[in-house]
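Position 1 is the first residue of the sequence; numbering continues from there. Computed from a predicted structure; not experimentally measured.
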Amino acid sequence: MTVQRIAAFSDSNAGGNPAGIVIAEQFPTEAEMRRIAAEVGYSETAFAVPGSEPDQWRVRYFSPESEVPFCGHATIALGAALAVHSGDGEYRLKLNQADITVEATAGAETARAALRSPPTRGKPARPELTNAALALFGFRQDQLDPSLPPAEIHGGADHLVLALKHRGDLAAMTYDLDAGRSLMREYGLVTIMLVFVRSDTQFDVRNAFASGGVLEDPATGAAAAAFSGYLRDLGWPHQNQIQITQGEDMGAKSVINAQFSDERGSPIRVSGAAHTIEETVNIP
């Protein structure tokens, strides 16, 4: 099985979030996909096979520990791979629970790709979930930014968002992986998104991804889509676009751009750069 290794949402051909990409004629068995994702060791590996219609691909995403319904950075990486495989353009992707698109343009060193997310939704976070998450990270209620109340958000996958008043608290993020995994699985979360507001349209972010067996995700496109929908629903002065800087605190700076309309729940356009970080490898 040939696996490409591509970093998505990279910053000037560096950083970004690596994903494994497998383009094949048919899916391996689920057990094989789980094994391959674990051997690749990235937060997600995307598997794509031709769909039933032209320019359509059936896609599944696996972390080292579980299948996930949607992964933004792996979709951007897949778009870059498809641009090389089948040419620049827009591709329709059929996921387990949604239909989305990705458009991509290949470059000599860096590709550009943009996905159109599933519809977004959100709700105020359950108090017991907020309290459990604060305890997990060792934060207090008075460290939260009241302008962005805790919320459970969705843009293809479920996330909890907590906004912090001070950048230093974001930089100091730490937690127990096993406790985080238990909490996220109990509440059906893919990640917990910690946010610091730099301006109305610029945000610093860290995403805990214990549910997938990874302490932290360098770039999380699905959470960026969900967060954009949350800002829109909240009436935030977003100007219909935001930029997220993620991964900087772990030495893998990533840049995620999101554009969206004012229509509540409508899909988010999430875009960024991608580059190959390693030649393709064969996994038996």
Taking atom types as modelled, is there a side-chain donor on [X] or [Y] under 3.5 Å from an acceptor on the other?
X	Y	answer
Thr220	Gln246	yes
Asn17	Glu44	no
His275	Ser10	yes
Thr120	Arg232	yes
Thr110	Asn13	yes

| Aromatic ring centroids of Phe47 and Tyr61 under 6.0 Å? | no

| query | Under 6.0 Å between ring centres, would you say that holds for His238 and Phe260? | reply | yes

Which heavy atom of [X] sits nearest a heavy atom of [Y], and at what distance?
X	Y	answer
Arg34	Ser66	NH1-CA, 3.6 Å
Ala81	Ile21	CB-CG2, 3.9 Å
Ala223	Ile153	O-CD1, 4.4 Å

| query | Can a salt bridge be assigned to the pair Lys165 and Asp145 using a cut-off of 4.0 Å between side-chain N and carboxylate O? | reply | no

| said: I'd like to know whether Asn96 forms a side-chain hydrogen bond (donor to acceptor under 3.5 Å, both in side chains) with Glu67, so could you lay out the CA-CA distance, the side-chain angles of the two residues, the decisive distance to 0.1 Å, and finally the verdict. | reply: CA-CA 10 Å; Asn96 286 354; Glu67 184 171 11; 2.8 Å; yes

| Tyr187 ring centre to Arg126 NZ or CZ under 6.0 Å, with the angle to the axis within 45°? | no

